Amino acid sequence: MVSLALTALAACCASAAASVHAQPERVQHAAIQARQSTTGYPAHTIDQLIDHFPNSSRYAPHTTATFKQRYFFDDSYYQPGGPVFLYIGGETSGESRFSNLETGIIQILMQATNGLGVILENRYYGESYPFNSSTTDQLQYLTTEQSIADNAYFVQHATFPGVNATLTSPHAPWILYGGSLAGAQTAFSLHTYGGDGGLLWAGIGASATTKAKLAYVEWYDPIQKFAPQDCVGSINAIVDNIDRIFASGNATAIYQMKAVFGLEALTNNGDFAMTIAFPLGGPMNYPTNTWQELLWGGLGSNDFWEFCTNVTNLNAPENITQVDYALSQYTGGEPWTNLGNYANYIKQYLIPICNGAPINSVLCFGTQNATFYADPTNSGSRSYLYSTCTEAGLYQVARQNGPSLISRQLQVNYTQQWCEWAFPPGQYNTIPSTPDLYQINKYGGYNVSAPRLAHIDGDQDVWLDVCYHSNDAPLRYTPNMAEAILHPQLLIAGAGHHWDSSSYGALNLSAEPQFIRNAHLWEIRIVEDWLKEWHATQSYGGYGKKA
């Protein structure tokens, strides 16, 4: 959640597509790059069940077959009695998560507790595919409940060559960690397979998107609230004017408007609206980094700031500023302030990404190609779209009322068309006409809970409103120390999408920004408390039973 850098259907710019729910693309310090160049983790595999639910009609006809699910581990800090930290891979390959073992959150926790860290690649991502292709029928086993059942099976059967210890559950405390979609899977795993005497001892869900919705207008709210307001105000006003022209139905005006951006070849109005929204994000696809890909400490991308700086450029040459008047005849003679800057950014920074491909094609900005979407070749983008269409929803759409950073042309039906094209009915499996949100919300939504499940979010995250600290959730507070250990929660001021996991400062924790450093120290403390409790249960032979 997605965010992501990362994993949705590349409906445009196939060589540069990025998407929701993915892990941010990062710029690394030289010292860390040097460390990564000399490290690496060999892939191991476990024979994972394709179907964990042989009695559920949802997965008929059933299979007893298995697939090779990959995992990677680091035992550099491990000492007997230490925990196992299971990093849920999410919607990407296991290799793209290596930084979390090398310098990120798992490295922090391993070092603090003499633990072992392991990355488990999600089914239908990386190289962990049950089948050689991803037809609608073959994708029927890509569900939330099957994915979290993988976690439960893994902790009971995983082996760690070279480690002289029995680490399967319940012989060792297993602590899960996941961010975004993987954060939600962490929470759901603890809810289903955790608790006293359960297979999973504890877990941290970072920016865990535990609430499913169909339309997710809130994605753009942090940008509206926290981004430079001259940039935000300009875009809101330009979008309002764009939508007035669309509403007029004036074909000449619509063509001229698209031509201002160099996009007159885009015949579909939704495709035009999505393309000019790429710097802001979505819906689902975008080739540049957005607000979601910002990161603390200067480690993230500057794409968003450069976009806003271009839009509000007070020193643009006259040939650009005059474009503000290009469509004024349709707005009572009033100029569209900063239209020229906005259009110039699209022409100078986005259109060249197409590398000469026709703009109205799936190789560039066009999406109206059912055959392209229906290609059953295995890919993370196809897997992500399937989960979006069948369970998660969270279609990024414009608000109908009030200010909007994206055109109101972008509504649920624009994303839903991709679902219908990509996943035609199979022999055994048909996707729902709209995502079956119950399959995620049944775990508790905003209020999913389990003993020793921590929720950590950022107050400037685009996904905040489907996380534990959502503005739509009850007020979160911690009444006493017992709750602080059993149900810990933290909202990081000024933070974005699972910023606690994205650490390149782990080799020098004291050098991290204040709120990030203290979030990491908080995570260390709660894990240490959880481990004390686990070791106490072992002294008594388990809960309620003295050894």
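This one's a predicted model, so the numbers in the text were calculated from it and none came from an experiment. FYI, side chains are in, hydrogens and waters are out, and symmetry mates aren't considered; it's all heavy atoms of this structure.
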Q. Under 3.5 Å, side chain of Tyr342 to main-chain N/O of Ile276, donor-acceptor pair present?
A. yes
Q: Look at the side chain of Asn429 and the backbone N and O of Asp137, then say whether any donor-acceptor pair between them is shorter than 3.5 Å.
A: no
Can you see which heavy atom on [X] is nearest to which on [Y], and at what distance?
X      : Y      : value
Asp324 : Asn338 : OD2-N, 3.2 Å
Leu385 : Met284 : CD1-SD, 3.6 Å
Asp74  : Leu101 : OD2-O, 3.9 Å
Phe304 : Thr290 : CB-C, 4.2 Å

With no hydrogens and no angle check, do the side chains of [X] and [Y] hold a donor and an acceptor under 3.5 Å apart?
X      : Y      : result
Glu306 : Tyr349 : no
Glu334 : Thr331 : no
Thr377 : Ser379 : no

Q.
Would you say the ring centers of Phe365 and Phe272 fall short of 6.0 Å from each other?
A. no
Q: Verify whether the ring centers belonging to Tyr384 and Tyr125 lie closer than 6.0 Å.
A: no
Hey, can you tell me if [X] and [Y] have their rings parallel, tilted or perpendicular (30° and 60° cut-offs)?
X      : Y      : answer
Phe423 : Tyr386 : perpendicular
Tyr468 : His455 : parallel
Phe226 : Trp291 : parallel

Q) Once you round to the nearest 0.5 Å, how far does CG of Asp500 lie from NE2 of His497? A) 10.5 Å
Contact between [X] and [Y] at the side-chain level, heavy atoms closer than 4.5 Å - yes or no?
X      : Y      : result
Ile204 : Glu523 : yes
Gln439 : Thr144 : no
Gln396 : Met274 : no

